Structure formats: C-alpha cells, structure tokens
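Have a look at the structure below, then the notes.
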Amino acid sequence: MGKYFDMLMEDVRMREGLHACMNCGVCTGVCPAAEFYNYDPRQIVSIVQTRDDDAIEALLKSDTIWYCGECMSCRPRCPRGNTPGYVIQALRTLSQKLGFFVESEKGRQQLALKRIIGENILRTGYCLVPRLIKPELHPEQGTVWQWIYDNDREVYGQFSPVYMRHGAGALRRIDEESLDEIRRIFDVSGGSEMFETIEKHSDRKAREMGYEEGADQQYMMDVFCNNSNEHY
Amino acid sequence: MTFYAPFCLPFILGAALMFLIVAWKWGKWLWLLPHEDKMRILRGLPTRRTVAAIGEVVSESLLHRRIFRVNPLLGYMHMSLAFGWFLLILTGWIETVAHIGFRYVPLQGHVFFKYFATGLEHKPVFDFLMDLFLLFVLSGVALAWGKRFYSRAMGMHRTTKHVLGDRIALSALWFIFPARLLAESTTCALYGGGSFLTGSLGGWMAEHIGVMPLMTLESVAWWFYSSCLGLFFVALPFSRYMHIFTEIPLIFLRRYGVRSSEKESSYDRFQVEACSRCGICIDPCQLQSVLGINDVQSVYFLRDRRYGHLRLQVADNCLMCGRCVERCPVNIDLNTLRLNSRDRMRNVPDERRYGYFKGLDRSSGEGKVGYFAGCMTLLTPRTLTAMSTIFEAAGEEVWWADREGGVCCGRPLKLAGETDSARKMMKYNADLFRKHGITTLVTSCPICLKVFREDYDLPGVEVLHHSEYILRLIRAGRLTPERGTTRFTYHDPCELGRGSGIYDEPRAVIEAVGQLLEPASTRENALCCGSSVANTAISDGQQVQIARAVAGELEATGADVIVTACPLCKKAIGRGTKGEVRDLAEIVAGALK
Amino acid sequence: MKKRIIVIGGGVAGMQTALRLAEQGVEPVIVEKEPELGGKLRGWHVLFPSFTPAEEVLTALRRRVNESGIEVLTSAEVVGLEPRSVRLADGRELHGDSVVVATGFTLFDASIKEEYGYGIYDNVLTSADLERMFNEGRVARADGTAPRRIAFLHCVGSRDEKVCQQHCSKVCCITGVKQAMEMKKLFPEADVFNFYMDIRMFGPGYEEMYREAQQKYNIHFVRGRISEAAPTIDGRVQIKAEDTLTGRPLRMSVDMLVLLIGMRANDDNARLAEGAGLNRASSGFMAPRDLFLGNVCSNVGGIFYAGAVTAPKSIGETLNEATAAADAAAKYAEA
Amino acid sequence: MAAIHFGYTISKPRAIDLDRNNLRKSDEILREMPELQTCIGCGACTAICTAGNLTSFNFRKVHTLVRRGEYQGAYEEMNKCMLCGKCRLVCPRGINTRGVVMLIKRKLGDF
Amino acid sequence: MMKRRSWQEYQKEIADDRYYYARSCIRQNFFPGSEKAFIDILQNDLGKELLDDPKHSSCTGIGYHSDIVPLETIMTVVARQFSLMNEAGYENFVTSCITSFGIYCEVLSTWNEFPETEEKTRENLLKATGREFRKPASLAHTSDVMFHFRDQIAARAKHRLVNAVTGEPLKVVEHIGCHYAKIFPKSGIGGSEFPYVLAGMIESWGGEVVDYPERRHCCGFGFRNYLVQANRGYSIANSHKKLESMAPYKPDFIVANCPGCAMFLDKWQYTIAEMEGTTYGQNGHGIPVLTYEEMAGLVLGYDPWALGLQMHQVDVEPLLDKMGIEYDPAAKYLGRNGKYIGKPASAVVNCCPTDTIYDIRE
C-alpha cells in the first residue's frame, strides 16, 4: 500500500501540488480538458490521495492522465492550495519512468513528442523552428503559413539578419558550443535517460502491437495521427 | 296459447341481445386462446375434470360456498339471489312442462308463465314452490339493500364504489323481484291462484282495489317487470353482472389447466369479466386499511383493465401480498393479472440489455449445496453469518453463489413488469447453478425462492428455502439446537407463505428452539410487512406505517422476539418496532451449542 | 461596594453578558466602538431556523440593557486591555475587577475572492447585502428587475486556504438555506441553486429546514464550489463549477449570485492578544483556555470570552456563552 | 467547406450547460416524485448497487444528471439496474429509488 | 471601463533598464517582427539597454510541459541561462515567452521552497558545463516591461486605440497567457483574475477593454494537445469556446501577451472558418489578433508590415483602417528589398481578396 504514492512523493511537484483535497470541484469547473474530455482532475487527485496502489497503477496506465493541457488554471483557485496540474505532471513522469505510458493511446503519443520536440531541442536548441512546422502536418496553420514556409528566408530575413545563421537575432543558429552544453545538461540531469526510456518502452509496445520494425516512423505517425475517439 | 304479449318485448329484446353479446365474447376469447390452451380444453373435456367443474359451478356460481367462508350472511345473500333465481327458473320450467307437457314454449312463456297461465288449472304445489323461492330471492334483495346501509353486518368494512353502468344494472336487478311479486300478485288478484305470497297479496289487492285500476296496475306491473329484466339483460354484458355467466366457463377452463401467465392472453378476459366487484378484496388490502388508499385494489384494477383505462399508477400500486387472492370468491389469479398488466405497460424487450453479465462469476467455494443468499440477505449480514454457522455446524460443504455479490434473481424486475429482461437474469443464474453442479439450492430469500421454483429451469436441483433446509438438518440430527424458554412470534413472509405454501416448516423450526406464539393474522391471513418489492408506488413513510401496524400485531402476542424468514420482512418490521426482530436462521444459530 | 466588570463589545454577546452580570449583582460597563449597541445583528433580517425577526431579539436585548441601567460607552474603541483595566483609543482608561471580551467577528470581504467579481460585476452580492435588501423590502437585480435564476455559493471566505481562512464559519450553510427559501417565497417562479461542498446542518431543526428547502421549495443543491463568475453581455453572471456528483463541469448564467460570506477573526485581535498576553488560534480567533472546561476563559486570569470572538457561532450559542462568561467573570471578580 | 483534411474536428463540450438544457422533463420527473430532490448525494445507493459493482453504472450520477437536464443515455444507464431494491433500503432520505428508476425510464425512453 | 481596481494590489518590481533578453521559440517563429519591435521600442524609442545574447537557448518549456523534459533538466537549462546573464553582466532577466516566464517563476519558486533542488541544479550545471550561476535580481515578462513604460509610449503615440472616424475607443479583447499569472498570481500585474498588464496598456493608449464570460479561459494550446495531431480537437475547441463567447461584444481586435495564444487565436479562426464556415469578426471576416508588441508598434507609428502583421492569417487591414493608419496594401506580402515572392492563397476567414492587390505587381 502506498508504493506508487511514495514514488510520486519523491517528485517535488507532488509535494507542492497535493495537500489534502476536499473534492470541491473548483479545478474541474475551470478545466479546459474537463470541458472536452471525459476527464475530471478532482477525481485524479482524489484517487492519488487514496494511496491505493491498484488504483494509481490503473491511473498511470490510463488515458486519463494525458488529457491535461497543463494550463494550470486549476492552481490559483484551489481552496486547499493544491495544484492538480502538478500532480498530473508527477503522474506522467512516473508513468514514463515505469513504462506504463505505452498502455494508453494518449500515453503512447509521448514518443511523437520526444521525436518532434525533444530531438529538435538537442538538434537546434529550440523547441521548434519553422522547418519543423510542415504545412502538411499542420493544415490549421493556414495559407499564410504555407506562404511563409515556402518563402522562409525572404520572410524571416526581414526581421532577423541571422535567420538560420550564427549571430544574435531571431531564429539564429545556436553555436555548437552552446548546443553541446545543452546536450550535456540533458545527459547529466536525466533528460537523455527520459528520452531513452520513452524510446525503449515504445519499441516494446510497438512490437507487442504488431509493428515488426518496432517503434519506427510508421508507429510514430500512427500514434501522432490516430484518435480512437473514445475520450469524450 | 300464444305466449306473447306486448309487454314481453323489452324482455325478449334484452335477452336476445344479452345472449348474442355473451356468445360473441366467449367465442372470441376462446378463439383467441393460445393453441396449447385449446388443446388442454379438448383433452380435458372427456375427463372427470368436467364433472368436477360442474360440481364447482354448482357450489360456487349457485351456492357461493366461498363467500360463506368469508361471512355466512354475505354468503346467504349471494346464494339467495343466485340459487334462488336459478330455482325460480328451473321450477318455472318444470311448472310449464307440468301444465302443457314437453312442447316448445318461447322463453318469455316460461318467464311470464303466471301471466299466460291464467286460463289454466292451478297447481298449488308449484304455486307454493314458486312463492317460496321468490321469497328466498326477495330476502336476498332485502339483504342487499341492507348491505348498502350497513355492510359491517356482513363482515365487510368497505364496499365497492360502483360506476354508473353498474348502478343502473344494480337498480334494475333490485327491482326485478319486487316487480315480479307485484305483477304476479296483481294477476292473482284478477284471476286467482298464487300461494302464501302472491296469493295472499293478490287477495288483499282484490279486496281493496277496484277491477279497472287493478287491470291497469297489472299491465303496468308486467311491463315494469319485463322492462327491469330487459334493462338488466342489456346492461349485463357491460356491467359487473357479466360475472354471472363468465364464472362458469372460467371454472371449466381452470379445471382443464388453463392459467394466466406473465404475458396477457385471452384467458385473462374470462378472469377479468368473472369479477363480480363484490369488493371482498378491499378489506384485506393493507394499502386500504393502513394507508387509506382506496382506488387501486384488485376490484378497481380489474374494472379499469376491463374497460381499458388502466393507469400504470394503479397497476403499480399493489404489494402483491396475495391477501386478496386468498379471499376472492371467484378465485381470480389477481397477482398474475396484475403482473401481466405491468408487463404490457412496461416490458420492452432489449437484446443488448445486461450484456455485462457475460463471463461474470463472483461465487466462491465448492459443494453439492449451493447457497444463494439473495440481494436482501446481503444487506442483513446477521442472517448471512447465521447461515454460515449453520452450514459449518451441519458439516455442509457449501458453494456460495453470491457472497461477493451476484446477479439478482430476477423476480423484482419481473414483478415490475419487465419480464423479458428478468429472463436474462434467470438464465444467467440458472446457467451458473448448472455450471457448478449443485444438487440442492438453498436461499434465505423467499422472493428468490419463488422465482427459482416457478421460473427457473433447474432439473436435478432441489430448491429449498432455508427454513425447509434447516428443518431437514434438525430432523436428520445434523443440527441440534437447544430449546430455550424464549417466546417467539412468527411473521409469515408473503412470498414464503401465500406465495410458496411454506407455513409449517418455519414454525417447526421455531418450536425446536423455543415457544411459538401466533399473531392475530397468521398463515394464509398473515399481514404483509409493507416493503414488498412488488410495489414501487408507495413512499418510504407509507412503508413504515404498514410496518408499524404489522409490528403492532406481532408485539401484541407478548413474544420476546419477532421471527421471520425473509430478509426484507426483517428489515421492514425492524423499522416498525423497537423490539427484537430476528431471522429464523439467527435464532437457530444462536441456539446451537 | 459592587464589583465592576468591563464588557468589551456591545453586540449580542456583550449585551447578554452585561445583563447577566447585572442580574448577579455586579456592575457591568459595556464598551462599544460603534455609536450604538447591536453589533452584527443590526441589519440582519430574520434568524434561522425559525424566521424570527432579528429586530425582535435586538430590541428585547437593548430594552433590557436600558431598563437595567447598565452603563454603556458607545463610540469607544478599545486599544489595550489587562485583567483589571481597559485602555480606549481616546486615551481614557477604565478600571474594573475583570474583563469580558465580546468583540465578535468581522464579515469576510468577498471582494478578496476576486474570481467571483464581487464589487466588480453587478448582481454579485453577499449574504449580508441580501439581508439588507430583505430589510429594505426591495430585493431586485441591479436594473430593478426580478431575478429568475439565483445561485447561492457556500463557503465564501471559509474553508479556503487561498484567503487564509481555513476554518468553517458554521452558520453560512443554514443561512444559505434560509435565504434560498426566502428568495423562493419572494420569487416563486425563480430557480434557486445552492452550490455547496458539504451542507453542515448542526443545529436543532436545521436539517429539517434543509429537507423542506429541497422537497417543498424545490431548491436545487449542487455539490461543487463555484470556480469563477463572469459577466454576460446581457448583464447576468455566468458561473462555472463542477457538479461533483456527476463528475462533469457545469455552467450556467444566473440573474443573481449570492456569496455566503463567512466569519473572519477581527484584525485587532492580534494587537489585543499581544498586549494582554492572550493566546490566539491559528484562525486568528481568540483561543479559550481549553475547549471543554474553560471555553469562556482566556489563558490570562481575569479576562473572559463571550461569543464569536473565539470562533464562529450562532446567535443562540452566543447568548448561552455570554451567560456562562458572565458567571465566570463575576465569580472571578468576587473571589 | 471541409475541402481541407485536418485530421480532427472541433471537440464537443461536455459541460452541463444549464442555459442550454431543457429542464421540462426533469421538472416533470420531480413533480411526480418530489422526494428525489431531497437526495443528499451520500452515495449509499451507488455503493450498495449490484449493477454498479459490476459496471460503471452509478445511480446517483444518472439521476443527478437527469435533474440537470442531461437526458442523453440516461435510459440506457438505468437499464443496467436490476431493480433489486437494495438502494431503497439504504437510502437515508427514504427515496423510492426503484420508483425513480422506473420513472426516469418511462419519461426518458425516447432519449 | 472595467471596475477592476484590484490590480493595484498586485504590483511587482520591474527593472527600469539593462535587460537580459530571452527569446521565445513560438514568438520568433510566428511573430519575429514582434521581438524585433520590442527591442527597437526599448532601445530606440525609450533609450534602454537590452542584451540579445546569441548564446542563450530555448528554456525547453514546451518539452517540459509535454512531459518529455524532466524537471531537473529544465532547471539546469534555466540555470545555464542565468549563468549566461551573469557572464554578460546583467541581472534583470526578461523573457519574451509566457511559457518560459512560467518556467522561470516555477524554477525560482521551487528552488526557494525546496533548496535541495537548487543544490542539485548547481551540481548538474557545474558537471555539464563547468558553469555557476546567480539568480536574477528581477524577473519579468516582456509585456511587464511594456506595461512599465506604457505612459512613456502613450506620450509618444502617433495613433491611439480609437476609431479615427468616430473617435470611439476601440473595443479590445485582451488575452493573458495562462502561465503569466495563474501559476503565481503575485508574479503578474493585477494577479490571475484581473490581470492588468494588457488592460493597462489598452487603457493608457485609448482603448476599451472588453470583459466577456470566457475571458480567463485558456486558448487551448495545451502543449501535447496541439503538438500531437490526434489531440488538436481539444485545442481548437477551447479557442472556439472563447471566440464564441467574445463575438457578441464585437471586439475590434484581440491582443495577447503570450505568443502561442496570439498564434492560436489567429490560426484557429482560419480553421474554424474552413471547417464550419463560421467567422467572428464584423463583415464576415476574422477578428484581428495582435501581440502587445505589435499593438505598441502601431501606437508608436511603426509600419504594419515592418511589425510582421502580414504573417497573421486574419487580415489586420480593417483594424488599421479604423485606427487611421496609413499603409501600402500592395507591400504586404513582399520579400526582402521589395522582392515579389508570391502571396498566400485566400481563405474563408480573410476579408481582403488578395488577388486584386498583388496581381498589379505581377
């Protein structure tokens, strides 16, 4: 009893985010995710608070913990000073550490996030760059974005003298020395380990699900695009 | 002799219409019977059942034996009217034959023989008999009038509130025999004859009234008599008096094994129209006596159903305790009719419903004896513990079918009218029982018991209520409870007593552990605890009111402990008393060394 | 020579304490910072659960104080106290044989709960505002129209860490039920919703009243604290909450949002406590010596407590406690 | 429209919107059974529920949703009930829960 | 005018000069003109000193809130930024991104609350880079800085947020990024319920702030909820909800202090229009969405195309017309040095048929 709870409590966000919930529902009342998913942050906190291992394990393996948008709208309202959003972050971190995230559709998407955002950080030093926002994967970016994407040097060139080049300014290329520092930070502080964990468990799950090549591009695109529509 | 006079016209028309309609109704209902029922009738016809049916028709339709059991005076009233009239008709027919031999006489000739027979020689024997029977009937009419004003004399606290059509028919009926007396008396006054009744009255009239007024009076009286008959006959098929004729085929059909079921059938029409609306069912109804609800009793239910304006609220508001069934002089299967009305109004077949039963089994243990506690027993853990003690003491290996929660037996749903869905539960449980290979199925809940016995298909499995099972263990020496000095009183659960006919076993078990005191209403007359699952209409407060009344009667015995054998009754009565209420199993387990 | 006891506060608790002292043959003096006696009961309309007019209770107490010839100092603010003396803001010093502190509580300022927009949005009011409206006989929306949908929010300024009010104010639940019923009587066609976390019906007849509100008045009780209120284009108030019993967010617009404000410890409790060496609870209310055998005594001999100065209390409880405090103070003074 | 394939659609709000919901049926139900309004949400019915222990059926939730004008799916949910009546025995407010189940099914059969 | 006085209770120290500037991934991607305008306004219009250090990186906040970057990692990245600032001799950290702002606040607060995490971070940073760091003297979002100088800007205004024809104040919907004040209400001007950072600018520059039911609601970015295509239904639905709620107030434009919010409120209008045919602005087009830098730039008389307003999907021309700003419609979609580089296809949400304007140059 309380094994997972203790593991969660190692995360400072849990210590900050969970005191004693009285189930008032203020968090759910303003939660954007509760508005559009079958999701109730109050219940998540309530379940975690039970310290019941079975219940928490089920949570770690469920889609439920992956709905939150981490907007933190819940934080300023809680009359008990809890932050359900922090609890979610701790749950997600643990779910990935234990490899439970691959057991849910939304959890499996972590691979796509790691490959898109995570790898881009190590490659460029930015979370995103214009070349990453491919219009075919981002139709919602609209016709103007298509125009910008097609003419990036011309458009960005008007606002930054160093677009994709070294120097100071928007969208500059970050120097290799700085990038090395970032990469070493990832190695030292557990970032790289997290990436590997995500890859490892995704690969296992992909094979389980019948992807013969493991977590290949096909698997990644599937988790990126597919929606079972069972979340509402 | 022509045997016709203009005044006969109302009678002839009324009678013709009546016979046509009755024939049409019966014909239709018989025609619409399910094939198996038709076969039952055909197979039954040439057997002794027919003879028995005839006997029952005489004893019930004419003599009203069952009403005598309710109250002798009430029985006499019904008998005088039915049997008296029958004798008048029969003797009248013999009289006709005696006068003119076996030759065709139209119906009115028999009925108004006195009028047409003025030119014939008097036969004082028949005059006497006819007057005697007329007096017999008139005494019944007088009692019926009296009952209107003082029903208690006949053991009835409340009588039926009648609809307008019934009132017309009733009035016509009340006037038929006084009218006949008047008509025959005037004829006697003019032409002589008659015996102590019509003769004497006729003599008196001849003395005091002139011939001319008397002739006018005679004409008027016969017209009036004929009109009363005609009116009554026309009203009969549409009023409660349809029962006079309908009870007869009902008795035959019943003797042939035709029964009502959870689905409506045309046989129900015989039952529904066989109700005389005597109102005997009103008094035993606790919804009436305790709660003052007076528009849902069987008589009203059947009336509303017959005329097609039955509302769900009326169909729902019944405890189905069966107290009225016990009293019904026509033996109508009231609970089943109530049930199939609910079925018609509520049952919605749904293939997908209860899909979640699939692959479900929360039972534990193994054994030849399966114990199905029942949902309500799961809410009375003392009973559960007691049963566990008893099983252990008897060294029984028990398969607990629902200790961890199982699927409901299906009876509550069935009683609510969702019969098709209830079948799914029954099938689920039956499959489960079969899968575990038990040979005896014990339950602590009479509700479950009844459905197991009646609706489950469990070949090779003996279904026992725990009272029966415990008694067996005691008799077999496997349980040796110590007999103490505690005085117990026993509340018969409806589903166990009236429902399943188990009255003696629980009593024997109680006798084995202490002294048994019987409450005022007991066995077939036992009261209902008020929390019956069959009723979804009354409120919690009303349930408690009934429970208080029941508990009051049980406490009046002076017993130390109230015992019952149904978890629901136990819960219900417990709310009505401050005294101790125990399940049978508890007192047995408590008495084990 | 008669003993003299100083009663700080001229509300229900203070008046009752003084009356009881006078009855015991002690000479009380009431020190009230407002220009008149009555405290928070002034401006209240009717009292739960009997719908007794507050004015009735107040008038009776004031009349009796008047008849007993009790000395009353009004517009006199206490800035410091000791077991035998009290210092006033104007520099005067009163002496006696013991002191009863009956300074009551402060109503929570609803504008601190910014998310409800009190003081910003029209038609967001507090329970105290509503009582005033009842008294004035004019209950209406800001534009003068009758409300068709009213929401009450329980626990505003109670049980809320965000505003440093961890405690339960006890009486707001029943006040919410009472006001909801009053609103329903005034506006039978209106839909009334009470948003609560727990309904704490602690007193005699309260639960019955709650049930009556549900069944007879068809007042809807929604278990969930309102998350935020926002204005709508037609001058109404949109509220968001979770209907926790269904686990789904709930939103609706209402014509009136009534915040059932709680009781807060007086700000000057801290200063008074520090000066006299009195203990305070973490809620800021004064801490009695102990909660069972000495709940009208302070930790300092000669200083006693009556009423809501130690914790939120109902009028009835306050009156009882005032009697007990007076007896304890008198006994101390006589000894 | 819809010439562009976005790969997703605008999610539908799940919130109970009392401005949009039509409470007519709910009012009818409460008029027929005012005692339902006295529910204090203790959840005893749901805890004891036979069907609720086997499925996600939550009696308290369903009748509360119905009272809020959320009728969609209420009939199907209530159909999970076996009508065994345990809830009625445990309800501290003495609500005729079996009656509620049947009433809701009767009123909302067409939702 | 809103009766929101409570903002005055939430004040924070904002440095007057010498800022260490941290760029935003999203802002430089979608609103590079805004970052340029911010630097220009501070340096040229207000004469302040600001360092745009080429060595700084992303805070990795999007990764953190997508839960792929651990807390320890992002703390160390943040520590490196501080170290760079120390190295450059600055102590006032300003960040262009709201997510970053939230991250910096959270990291500082966590170090404060749980000192062992700060120790661990120092250890990690030293091990990875050999660097050490001091925490900044002040931390602000760039919108705080703009708010700080709102009166100076008002004094130099070439245009005001009023309808040039009617003289009526423009109705402005302000949208505050969730992580600006919801995580730490005291870190934002005006707190989390009535943030005043944008409202203050709007009021100073003559506009009127619109309060509407869903004002505080999230734009719907939701990190993983936008970044993964399968989840975007959530993202668009939240913006949809906000737009539906604000539309009845007929706002003249939306302004946001968060680059993501500005981008989403702009782009989702396009998508909603394409999906459902619904547009929220007047005359059947979208509601223009500005960043606060763009708003300030327009007030100070910057050329709309130099601010990068052509990079918005929803056309801003109706707003420019209302404000009486002169602009060259034909220059809108030109490349560097007036080079013709084609033009975006027109969409449902757009009001200005692009065809008529550009074909001249073709």
Side-chain angles (χ1 to χ4, degrees), chain A residues 12-13 16 32 36-37 69-73 75-76 89 92-93 109-110 112-114 116-118 121 125-128 130 137 140-144 146-148 151 154 156-160 167-172 174-175 178 181-182 184-186 188-191 194 198 224-227, chain E residues 23 25 28-29 32-33 35-36 52 54-55 57-58 60 62-63 65-70 72-73 76-77 80 110 113-114 117 124 127-129 178-179 182-183 185 192 217-218 220 222-225 227-230 234 237-238 267 270-271 308 311 313 335-336 339 341-345 347:
Chain A
V12 291
R13 290 170 297 195
E16 174 67 24
F36 298 106
Y37 287 123
E70 301 193 6
C71 69
M72 302 295 167
S73 298
R75 182 169 155 87
Q89 286 184 310
R92 287 177 176 180
T93 303
Q109 294 169 346
Q110 288 307 97
L113 291 164
K114 178 261 162 188
I116 296 167
I117 306 296
I121 291 172
Y126 299 120
C127 288
L128 46 120
L137 293 179
E140 66 281 348
Q141 285 293 343
T143 54
V144 174
Q146 178 76 54
W147 170 78
I148 295 168
N151 302 289
E154 286 297 328
Y156 288 108
Q158 297 174 50
F159 308 104
S160 172
L171 294 168
R172 72 198 183 283
I174 294 177
D175 59 286
S178 295
E181 286 189 7
I182 303 279
R184 279 202 301 276
I185 287 173
F186 268 71
V188 163
S189 62
M194 173 73 92
I198 293 171
F224 182 78
C225 296
N226 291 352
N227 186 347
Chain E
R23 286 185 183 271
C25 298
Q28 63 179 355
N29 261 278
E35 292 203 339
K36 182 171 186 303
D52 180 13
K55 281 194 268 187
S57 70
S58 164
T60 70
I62 294 173
H65 283 297
S66 302
D67 304 280
I68 52 161
V69 173
E72 286 198 350
T73 304
T76 318
V77 172
R80 177 178 175 273
T110 307
E113 197 81 14
F114 305 96
T117 58
N124 284 340
K127 203 168 151 196
T129 67
C178 289
H179 290 192
K182 283 183 183 171
I183 309 184
S192 64
H217 199 79
C218 171
F223 302 97
R224 68 192 324 281
N225 283 301
L227 297 171
V228 177
Q229 186 187 300
Y234 159 99
N238 279 296
K267 301 294 169 62
Y270 157 81
T271 312
M311 292 178 76
Q313 180 69 43
R336 280 177 295 185
K339 182 181 170 193
I341 52 170
K343 60 186 188 305

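In what follows, every chain begins at residue 1, and chains take the letters A, B, ... in the order their sequences are listed. Model, not experiment: these values are computed from the prediction.
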- Applying a strict 4.5 Å limit to non-hydrogen atoms, the region of S192(E) in contact with chain A is side chain

- Side chain, backbone, both or neither of K182(E) within contact of chain A (heavy atoms, under 4.5 Å): both

- Heavy-atom proximity to chain A below 4.5 Å, by part of N238(E): both

- Task: Please look at S73(A) and chain E and tell me whether the side chain, the backbone, both or neither of the residue comes under 4.5 angstrom of a heavy atom of that chain.
- Result: both

- Side chain, backbone, both or neither: which part of P185(E) has a heavy atom under 4.5 Å from chain A? side chain

- Does E72(E) have any side-chain contact (heavy atoms from CB on, under 4.5 Å) partners at least two apart in sequence or in another chain, and if so, which? S189(A), K120(E), N124(E)

- Query: What part of K55(E) gets closer than 4.5 Å to chain A, counting heavy atoms only: side chain, backbone, both or neither?
  - Reply: both

- Item | Test side-chain contact (heavy atoms from CB on, under 4.5 Å) applied to I121(A) and V77(E), V69(E), I62(E), the passing residue | V69(E)

- Task: Look up atom CD1 in I148(A) and atom CD in E154(A), then write down how far apart they are to the nearest 0.5 Å.
- Result: 13.0 Å

- Note on the structure: Here the gap from L113(A) atom CG to I116(A) atom CD1, rounded to the nearest 0.5 Å, amounts to 6.5 Å

- Message: What verdict does the side chain to side chain contact (heavy atoms under 4.5 Å, CB included) test give for Y126(A) and N29(E), after you've listed the backbone C-alpha separation in whole Å, the side-chain angles of each residue and the deciding distance to 0.1 Å?
- Response: CA-CA 10 Å; Y126(A) 299 120; N29(E) 261 278; over 6 Å; no

- Task: With a 4.5 angstrom heavy-atom cut-off, could you sort out which part of I185(A) is near chain E: side chain, backbone, both or neither?
- Result: both

- Classify the side-chain pair K267(E)/Q313(E) by whether it contains a donor and acceptor separated by less than 3.5 Å. no

- Which region of T117(E), side chain (C-beta onward) or backbone (N, CA, C, O), has a non-hydrogen atom less than 4.5 Å from a non-hydrogen atom of chain A, or is it both or neither? side chain

- Message: Checking M72(A) against Q89(A) for the side chain to side chain contact (heavy atoms under 4.5 Å, CB included) test, could you report, in this order, the C-alpha distance in whole Å, the side-chain angles of both residues, the deciding distance, and whether it holds?
- Response: CA-CA 11 Å; M72(A) 302 295 167; Q89(A) 286 184 310; 3.9 Å; yes

- Quick one: which of R92(A), R184(A), E70(A) has the most heavy-atom pairs under 4.5 Å with chain E, could you say? E70(A)

- Proximal component of R80(E), with respect to chain A [non-hydrogen, under 4.5 Å]: side chain

- Query: When rounded to the nearest 0.5 angstrom, what is the spacing between CZ in F186(A) and CE in M194(A)?
  - Reply: 10.5 Å

- Message: Show the nearest heavy-atom pair for residues T73(E) and G190(A), with the distance to one decimal.
- Response: OG1-C, 3.9 Å

- Note on the structure: Okay, E113(E) and chain A: the region with an atom under 4.5 Å from a heavy atom over there is side chain

- Which atoms of T110(E) approach chain A - backbone, side chain, both or neither, heavy atom under 4.5 Å: side chain

- Residue among E35(E), K127(E), H179(E) with most heavy-atom pairs under 4.5 Å to chain A: H179(E)

- Note on the structure: Distance col, row S66(E):OG vs K114(A):NZ, nearest 0.5 angstrom, shows 13.5 Å

- Message: Looking only at heavy atoms and a cut-off of under 4.5 Å, which of L137(A), N226(A), V12(A), I174(A) has the most pairs with chain E?
- Response: V12(A)

- Max heavy-atom pair count under 4.5 Å with chain A, selected residue of N225(E), V228(E), D67(E): D67(E)

- Measuring heavy-atom distances to chain A, does R23(E) have an atom under 4.5 Å in its side chain, in its backbone, in both, or in neither? side chain

- For chain E, find which of N151(A), T93(A), N227(A) contributes the most heavy-atom pairs closer than 4.5 angstrom. N151(A)

- Contacting moiety of Q146(A), where chain E heavy atoms sit under 4.5 Å: neither

- Message: Could you work out, with ring pair (Phe, Tyr, Trp, His ring centres under 6.0 Å) as the rule, every residue matching Y156(A), not counting sequence neighbours?
- Response: Y163(A)

- Heaviest contributor of heavy-atom pairs below 4.5 Å to chain A, chosen from L227(E), T76(E), I183(E), is I183(E)

- Task: For each of K36(E), H217(E), M311(E), tally heavy-atom pairs with chain A at distances under 4.5 Å, and name the one with the top tally.
- Result: M311(E)

- Out of curiosity, S58(E) OG to I117(A) CD1, how far, rounded to the nearest 0.5 Å? 9.5 Å

- Item | Proximal component of I198(A), with respect to chain E [non-hydrogen, under 4.5 Å] | side chain

- Task: Please work out which of the three classes, parallel, tilted or perpendicular, describes the rings of Y234(E) and F36(A), given edges at 30° and 60°.
- Result: perpendicular

- Does any heavy atom of chain A fall under 4.5 Å from the side chain of F114(E), the backbone, both, or neither of them? side chain

